[in-house]
> 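Take this structure first; my questions come after.
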Amino acid sequence: MKQFLRWIILGGTLFFLAKALKDNWIGVTAIRINGVGWAIIAIATGVTLLAHTWAGWIWTWILQDLNQSVSSPQFIQVYLKTNIAKYLPGNIWHHYGRIVAAKNANISAGAATLSVLLEPLLMLAAALIIIVLCSSQFAAANTTLVIQILQLLSLAVVLAAIHPRFLNPVICFLYRLKAKKSTATKPTVPFSLKNYPVRPLLGELGFMGLRATGFILTMSALGSLNVNQIPLLLGAFSCAWLLGFVIPGAPGGLGVFEATAYQLLQHHFPAALVFSAIALYRLISILAETAGATLAYLDERLPK
């Protein structure tokens, strides 16, 4: 059933995007990119690469908050090398690769696993914060109150879930449940979250800001934008990214992100411009992630 649901979601989003392309084909083919536009696209690619590098650094902060001694350059390399694996079926292999690499670096398996669980929760919280602040820019007037209430409730749940008061008892229970089979004595939990992860949360807000900046630059490379449209694009991007992140069957948010962004922005910008921008941004994202993995691989093999 889970596999069937994934194919239904993927098929539905691809059908929606194919129809959008058909409806806007003439407008899409009429778009031209000049020299300045290509320069902006290059900058957008660099900003997106910077966002992923920044996310790798935030991962080291999470591990440090779990009382683990880590080498930031080494773990940023691991993060960049494994990031491209999120496009593999299952959408878990980038997390698995990071856990294995952390264990090989003498990080406890529990702390490594918890770090890759905390990271997406912090990303979700950051995206929800931006959505709550910007949702009035793209939500329909008659549904704004209901949507904002749901957003605030979701944000409250996520922020509470990463609080040490709630998270540490869960860590303790799971660790002792696992250790119970191998020892008769009451085990001591070797790691816990001492303080609320404020620094990683602020870092993830920066990550979302950088990712959204890459998308906004892509839009500006294809057409003119006004400064007052930036909150709209920031909120719509965060909403599309969040749905692509949480909906199953979309490795890397492929299809879901594009369909959501198109639906949210088509009434505010020319539909052909929106479709072209989201398709181009997907290419930019993949290029930046591939470049990051390649650079990390080469840097790892340079003489120290």
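Starting from 1, each residue takes its place in the sequence as its number.
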> Kindly say whether the aromatic ring centers of F257 and F245 come within a distance under 6.0 Å.
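Ring-ring flag for F257/F245: false, centres at least 6.0 Å apart.
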> Does some side-chain heavy atom of I162 sit less than 4.5 Å from a side-chain heavy atom of L122?
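When only atoms from C-beta onward are counted, I162 and L122 do touch, with a gap below 4.5 Å.
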> When P200 is tested against each of L121, I62, L63, T60 for side chain to side chain contact (heavy atoms under 4.5 Å, CB included), which residue passes?
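Option passing the side chain to side chain contact (heavy atoms under 4.5 Å, CB included) with P200: I62.
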> Assess the residue pair F237 and L233 against the criterion (side chain to side chain contact (heavy atoms under 4.5 Å, CB included)); give the C-alpha distance rounded to whole Å, side-chain angles, the decisive distance to 0.1 Å, and a yes or no.
CA-CA 6 Å; F237 174 86; L233 292 169; 6.0 Å; no
> Would you check if D65 and N195 make a side-chain contact, meaning some heavy-atom pair closer than 4.5 Å?
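The answer is no; the side chains never approach within 4.5 Å.
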> Report the residue from L152, L155, L133 that forms a side chain to side chain contact (heavy atoms under 4.5 Å, CB included) with L128.
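For L128, the side chain to side chain contact (heavy atoms under 4.5 Å, CB included) check succeeds only for L155.
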> Mark yes when over 12 heavy atoms from residues, nucleotides or ligands other than Y196 sit less than 6.0 Å from its OH; otherwise mark no.
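Atom OH in Y196 is packed in, count exceeds 12.
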> Side chain to side chain contact (heavy atoms under 4.5 Å, CB included) for I130 and L234? Distances and angles first, verdict last.
CA-CA 8 Å; I130 295 174; L234 179 60; 3.6 Å; yes
> Determine whether Y79 and E119 satisfy the following criterion, side-chain hydrogen bond (donor to acceptor under 3.5 Å, both in side chains), listing intermediate values before the conclusion.
CA-CA 12 Å; Y79 190 94; E119 187 211 10; 2.5 Å; yes
> Apply side-chain hydrogen bond (donor to acceptor under 3.5 Å, both in side chains) to residues N83 and H94 and explain how you reach the verdict.
CA-CA 6 Å; N83 202 40; H94 54 309; 5.8 Å; no
> Please tell me whether F75 and W59 form a close aromatic pair, meaning their ring centres lie under 6.0 Å apart.
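Ring centroids of F75 and W59 are less than 6.0 Å from each other.
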> Side-chain contact, heavy-atom cut-off 4.5 Å: S72 with Q64?
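They are in side-chain contact.
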> Is there a side chain to side chain contact (heavy atoms under 4.5 Å, CB included) between L217 and S220 once you walk through the steps?
CA-CA 5 Å; L217 287 171; S220 68; 4.3 Å; yes
> What's the shortest heavy-atom distance between Q68 and S108, and which atoms?
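Residues Q68 and S108, closest heavy atoms: OE1-N, 3.8 Å.
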> Which heavy atom of A288 sits nearest to which heavy atom of L49, and what is that distance?
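Taking every non-hydrogen atom into account, O-CD1, 3.5 Å.
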> For a 4.5 angstrom cut-off between non-hydrogen side-chain atoms, does L232 reach C134?
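The answer is no, as the side chains (C-beta and beyond) never meet within the 4.5 Å cut-off.
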> Does L295 share a hydrophobic cluster with I84, counting links as ILVMFWY side-chain heavy atoms below 4.5 Å and allowing steps through other members?
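Result: no, two separate clusters.
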> For L201 and L159, what are the C-alpha separation, side-chain angles and deciding distance, and is it a side chain to side chain contact (heavy atoms under 4.5 Å, CB included)?
CA-CA 10 Å; L201 179 58; L159 291 177; 4.0 Å; yes
> Cation-pi check for Y297 against R301: NZ or CZ below 6.0 Å from the six-membered ring centre and within 45 degrees of the axis, yes or no?
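Judged by the rule, R301 and Y297 form a cation-pi pair.
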